[in-house]
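Because only heavy atoms are used, hydrogens play no part in the values below, and waters and symmetry mates are left out as well, while side chains stay in. Only a predicted model underlies this, so the values are computations on that prediction, with no experimental measurement involved.
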Amino acid sequence: MVEKIFEKIETKKRYCLLIYTLIFLVTFSIMFITFIIKGRSFIWQEDGYTQHLKTLMYIHKYYVGAFTSGEFPSYDFNLGLGGNIFTVLTYYGFFDPINILSVLVPLKYTEYLYSFLIMLRVYLSGLTFILMCIYFGKKKTYSIIGALIYISTTYVLYIGIKHPFFLNPMIYLPILIVGLDKILQKKKPYLFIFGISFSALSGFYFLYMMSIMLFLYANIRFFKLYKESEKKIKEYVNAVLRTILWYLLGIGLAGVVFFPNLIAFLESNRIAKIESFYSILDFAYFKNMLSLFYARGGDYNFSISSLIFFTLIIVFFKYRKTEKALLCMTALSIVGLGVPLFGKLMNGFSYPSNRWMFGTGLLLAYLFVDTIDEILERKHDKIIFKILVVANVLYLVRFVINLSPYQILGIVLVDISYFLIYHLKIRVVALTVLIIVNAGFVGAMTHFVAEYSEDYKKYGNYAKYEDSQESYLKNFENKNNKEFSRVDGNNFSVNQAFIAGVPNSTLYFSIINPYIITFFNELQIANNKAKIYLLGTDGRAVTGSLISNKYFIAKDKDKGEVPYGYFLKNVDKKYSIYENKNFLPFGYTYDKYATYDEVKDKFSLDKEANMLDMVYLEEDVPNIEKVGLQNYYTEVPYKIKADEGIQYRSKEYLDFDSNKDEEQKSDKNKDINAEDEVKKYLKFLFEVDKKNEAYLYLDSILLDDNYSIAKISLQASKVSKKDLVRSKKSVSYFDRNSLLFNLGNANKKKKWTKINFDLNLLYPISDIKILSVPLGDFAKKINKLKEDRLENVKFETNKVSGSIKLTRSKILTMSIPYEHGWRAYVDGKETPILRGNYMFCCLALDKGEHKIELIYKTEGGRASAMLSGLSLMVLIAMIGMDLRRKKDVGISNNTML
């Protein structure tokens with residue numbers, strides 16, 4: 001019976017697909033049995049929830065709305081402070097065909113769809129792997145078994161489910177390899193072209209990695225195909241030119257998406273130098289290479305089925321004479337896992353990362369398919385046993401050193417596999433079961449024993465969305481607010497407001513407008529976790545008004561966090577809504593300015609306060625008064641009360657672990673668990689005038705380079721805030737060494753605040769200050785700014801218009817983040833847009849009445865669309881010529897690809 005099943009798999013395509021589907025469902029269920037038992041979704045609480053799930057929800061709303069209305073906006077004011085939909089969200093699969101399936105599912109079921117699409121991506125990864133193996137002449141039965149190894153690596157078990165689009169390259173890479181192989185053999189290039197195009201639509205990040213892999217593969221494959229050719233150089237040049245041509249055509253087809261995203265990436269804050277936490281040769285990173293059979297997933301380590309142990313030994317003997325290049329590539333793909341420089345190269349010369357390890361998984365799984373016969377025939381038994389004994393000794397030594405059970409469990413799996421294969425002499429079916437059990441064991445160790453499944457949300461998140469502050473505010477605004485405004489809250493969920501359709505100041509995406517980040521950095525706004533992670537304006541009154549914040553929502557117990565100048569507008573059993581009486585409209589005007597060169601050395605609080613008097617511009621403008629900055633903030637004397645074990649030496653360090661002796665402090669190898677740390681507080685006692693905002697300033701506070709980040713918490717009267725202290729080698733470090741905390745509602749006299757860290761360490765620090773900023777003239781200055789305002793403001797798809805009447809020349813400042821895609825027209829004539837106050841769109845206007853229009857077009861979008869159109873015409877012409885040629889000679893169209 002088994003033989004008949006194998007025969008059907010080899011001869012009937014549908015049967016092969018059916019068997020693979022059934023085995024996949026069993027394997028996937030066993031891999032993630034912990035999630036099933038615990039009722040967990042695949043929504044990771046961090047990026048999965050804040051970025052991927054909410055992007056999927058947005059994709060549903062966007063495409064349903066676009067198909068209904070016939071309009072496809074490229075700009076959304078609800079995307080944080082406002083941003084380009086395509087350049088921000090393409091990184092998360094906005095154009096990914098798999099994500100677009102969300103239009104078929106009601107929004108309230110998105111979280112279930114999210115988990116299903118992860119499973120679908122893994123399924124398709126195995127399917128394309130099978131097709132690749134079949135193309136290269138491998139048995140379908142073996143290809144199915146190899147696919148199980150490919151989809152059960154810890155790249156899938158740990159990283160892939162955290163970031164769903166990380167699974168996409170596992171689908172595309174086998175397709176691209178087959179397509180490239182066809183080009184090298186002078187066959188039709190369409191599979192390669194479409195593979196490149198779809199990869200580019202899904203984002204350039206993994207296309208970059210796959211391009212390096214394809215380059216390595218192409219060189220190895222070429223010299224195997226043409227090793228007997230007498231015209232190697234000519235053939236090589238021709239192959240390179242053909243490949244580049246079809247590669248560029250694939251990029252061109254996706255150019256309308258690819259190039260605007262590339263431009264946005266190059267202009268974003270993602271392009272920045274990061275000091276590597278690892279040295280060029282660092283054992284802490286090198287051990288990732290030793291984790292090949294580690295029985296648990298992790299961010300950097302890559303683990304694969306225990307049967308690959310035998311494959312690697314067999315490959316060495318099988319390929320060492322005939323396939324030296326492939327043998328070298330295999331070695332490189334494994335050694336590269338432990339070399340920081342290689343991880344840096346594959347991560348676009350940013351920080352070292354092993355996100356490329358799916359390529360290693362593909363190579364090793366394919367080699368396994370190629371060596372199954374040798375494994376089942378028990379070849380090289382003696383040498384395998386000797387190497388296995390040595391491996392056991394080495395793993396045992398390492399276990400004794402670091403006491404990690406997962407390493408020793410990994411080699412035990414190899415031992416068990418050796419016993420079953422080389423002594424019990426199991427066959428194909430048992431071998432398949434062994435792979436599935438191995439995958440299930442590593443999955444259980446990762447998500448049950450190591451409890452990583454606890455980092456994933458349970459189902460029921462849509463109900464939380466409907467019950468959120470953002471949704472409540474949206475409903476309130478629909479009834480009460482008729483003009484553009486932004487909102488803030490003390491308990492906003494990151495990226496949730498843009499789903500609800502509420503303009504706000506929280507945003508967390510990998511590629512965002514760099515000028516927004518510049519604004520937040522220049523003003524040193526606290527509680528922004530990274531250069532791409534914004535969590536509001538820290539309740540700062542001036543900043544909130546400048547960005548047109550009109551409402552603040554809070555629970556009664558948190559009303560101490562309500563910014564200065566807000567009054568209670570609406571209250572019910574759940575939330576209180578406060579309205580900003582110093583609200584600035586969408587367009588307001590300045591009659592004074594200063595240049596960035598003149599303000600660059602000013603302290604952040606003075607920069608902010610002076611924005612009520614003048615606008616900062618890059619260059620001089622005529623007919624507008626240029627003025628100097630005033631000094632606003634003052635230092636406030638304070639007293640310190642420190643818990644036992646805390647020592648503060650002024651302008652030197654802040655020691656939260658002074659009880660430890662110097663020998664203990666210098667022990668950098670000791671792991672510190674934040675949960676085990678005893679909370680210690682440093683308390684500040686001071687007095688500030690009621691009409692002033694008070695701030696705590698930690699000047700140049702640093703973290704030892706042996707650590708990445710430490711969490712700092714601050715408490716004051718009805719105020720609770722958090723932020724991060726980073727070392728310069730942290731991947732989230734962004735040139736911010738000082739922290740500035742707003743201490744809450746300035747209507748109440750501040751008397752105390754206290755701080756603590758999750759890690760009790762010694763923190764070098766330049767100074768600690770309590771600062772005060774007067775707000776007595778705040779309302780008066782706001783009223784002056786909105787004396788001449790933009791009226792009749794109308795928002796349309798990718799367009800904003802309005803009118804204004806001025807009695808003298810002024811700078812119109814609009815609450816739009818400055819971006820190159822905007823074009824401004826004053827009275828029908830295009831007018832340069834000025835970048836004001838670091839991030840706003842401004843226009844220099846003369847006295848009189850003016851009609852204002854701003855039109856948004858994605859930067860590079862028009863040229864990219866033309867390129868895509870031209871590429872499509874070329875592709876259609878190629879296909880047409882091929883169809884005509886095949887028709888003339890009577891060849892079936894099935895051979896087209």
Under 3.5 Å, is there a donor-acceptor pair between the side chain of Asn495 and the main chain of Thr50? yes

Before giving the answer on ring pair (Phe, Tyr, Trp, His ring centres under 6.0 Å), spell out for Tyr109 and Tyr462 the whole-Å C-alpha distance, their side-chain angles and the decisive distance to 0.1 Å. CA-CA 8 Å; Tyr109 298 124; Tyr462 186 76; 8.5 Å; no

Is the side chain of Gln51 donor-acceptor paired with the backbone N or O of Tyr508 at a distance under 3.5 Å, no angle test? yes

Side chains of Ile171 and Ile98: does their closest heavy-atom pair fall under 4.5 Å? yes

Between Asn168 and Ser202, what is the shortest heavy-atom contact and its length? ND2-OG, 3.7 Å

Is there a side-chain contact between Phe448 and Ile37 in this structure, where contact means two heavy atoms from C-beta onward sitting under 4.5 Å apart? no

Thr432 side chain vs Ile145 backbone, donor-acceptor pair below 3.5 Å: no

Verdict with reasoning, Thr90 to Phe204, per side chain to side chain contact (heavy atoms under 4.5 Å, CB included): CA-CA 9 Å; Thr90 296; Phe204 55 83; over 6 Å; no

Does the pair Phe42 and Phe35 meet the rule for a ring pair (Phe, Tyr, Trp, His ring centres under 6.0 Å), with working shown? CA-CA 8 Å; Phe42 287 137; Phe35 287 79; 5.1 Å; yes

For the residue pair Leu724 and Lys711, what are the closest heavy atoms and their distance? CD2-CG, 3.7 Å

Looking just at side-chain N and O atoms, do Tyr406 and Ser303 make a donor-acceptor pair shorter than 3.5 Å? no

When the aromatic ring centroids of Phe206 and Tyr172 are compared, is their separation below 6.0 Å? no

Option among Tyr205, Tyr208, Trp356 that satisfies the side chain to side chain donor-acceptor pair (under 3.5 Å) test with Asn347: Tyr205

Distance-minimising heavy-atom pair for Leu176 and Ile196: CD2-N, 3.4 Å

Taking the six-membered ring for Trp and the full ring for Phe, Tyr or His, determine whether the centres of Phe194 and Phe198 are under 6.0 Å apart. no

Is Asp455 reaching over with its side chain to a backbone N or O of Trp44, donor-acceptor style, under 3.5 angstrom? no

Is it the case that Lys457 places NZ or CZ above or below the six-membered ring of Tyr49, under 6.0 angstrom from the centre and within 45 degrees of the axis? yes

Using 30° and 60° as the class boundaries, would you call the ring planes of His447 and Tyr452 parallel, tilted or perpendicular? perpendicular

Out of curiosity, Glu267 CD to Glu819 CD, how far, rounded to the nearest 0.5 Å? 8.5 Å

From CG (Leu148) to OG1 (Thr27), nearest 0.5 Å: 4.5 Å

Between Ile59 and Phe94, is any pair of side-chain heavy atoms under 4.5 Å apart? yes

Does the side chain of Ser453 come within less than 4.5 Å of Phe32's, by heavy atoms? no

Kindly indicate whether the side chain of Ile85, heavy atoms from C-beta on, has any atom under 4.5 Å from the side chain of Tyr58. yes

What I'd like to find out is whether the side chain of Lys721 reaches to under 4.5 Å of the side chain of Asp538, using heavy atoms alone. yes

Side chains of Tyr158 and Lys162: is there a donor and an acceptor less than 3.5 Å apart? yes

Looking at every heavy atom in both Ile512 and Ser268, which two are closest together, and how far apart are they? O-CB, 4.0 Å

Test log, rule side chain to side chain contact (heavy atoms under 4.5 Å, CB included), inputs Thr55 and Asn99: CA-CA 9 Å; Thr55 296; Asn99 277 346; 5.6 Å; no

Hey, which of Leu22, Ile130, Leu127, Ile144 is the one that makes side-chain contact (heavy atoms from CB on, under 4.5 Å) with Leu17? Leu127

Are the ring centres of Tyr459 and Tyr114 closer than 6.0 Å? no

For Ile436 and Ile23: C-alpha separation, side-chain torsions, deciding distance, then whether side chain to side chain contact (heavy atoms under 4.5 Å, CB included) applies. CA-CA 9 Å; Ile436 296 173; Ile23 296 177; 4.1 Å; yes

Flag, side chain of Arg40 to backbone of Tyr456, donor-acceptor distance under 3.5 Å: yes

Tell me whether Ser115 contacts the main-chain N or O of Tyr112 through its side chain, where contact means a donor paired with an acceptor under 3.5 Å. no

Tyr20 and Phe24 aromatic ring geometry - parallel, tilted or perpendicular at 30°/60° bounds: tilted

Nearest-0.5 Å distance, CG of residue Leu362 to CE of residue Met132: 4.5 Å

Would you say Asn354 and Tyr155 are linked by a side-chain donor-acceptor pair, where the criterion is simply a distance under 3.5 Å? no

Can you tell me how far the CD1 atom of Ile511 sits from the CZ atom of Phe86, to the nearest 0.5 Å? 14.5 Å

Please report the interatomic distance OG(Ser29) to CD1(Ile36), rounded to the nearest 0.5 Å. 4.5 Å

Going by the ring pair (Phe, Tyr, Trp, His ring centres under 6.0 Å) test, name the single residue among Phe358, Tyr123, Phe129 that passes it with Tyr150. Phe129

Is any side-chain heavy atom of Leu292 less than 4.5 Å from a side-chain heavy atom of Leu364? yes

Can any side-chain N or O of Lys61 pair as donor or acceptor with the backbone N or O of Ile499 at less than 3.5 Å? yes

Check whether any side-chain N or O of Thr128 sits under 3.5 Å from a backbone N or O of Ile175 as a donor-acceptor pair, and report yes or no. no

Worked check of side chain to side chain contact (heavy atoms under 4.5 Å, CB included) between Met57 and Asn461: CA-CA 12 Å; Met57 294 175 70; Asn461 295 286; over 6 Å; no

Looking at residues at least two apart in the chain, or sitting in another chain, which of them share a salt bridge (Lys or Arg N to Asp or Glu O under 4.0 Å) with Asp76? none

All heavy atoms of Ala497 vs all of Asn504, minimum pair found to be CB-ND2, 3.0 Å

Please tell me whether Ser510 and Tyr92 have a donor and an acceptor in their side chains that are separated by less than 3.5 angstrom. yes

If you count the non-hydrogen atoms of other residues, nucleotides and ligands that lie under 6.0 Å from NZ in Lys38, is the total more than 12? yes

Taking the side chain as C-beta and beyond, is there a heavy-atom pair between Phe72 and Phe67 under 4.5 Å? yes

With rounding to the nearest 0.5 Å, note down the distance linking CZ in Arg486 to OG in Ser505. 8.5 Å

For residues Ile516 and Gly82, report the shortest heavy-atom separation together with the two atoms involved. CD1-O, 4.1 Å

Could you tell me whether the side chain of Thr110 and the main chain of Leu107 form a donor-acceptor pair under 3.5 Å? yes

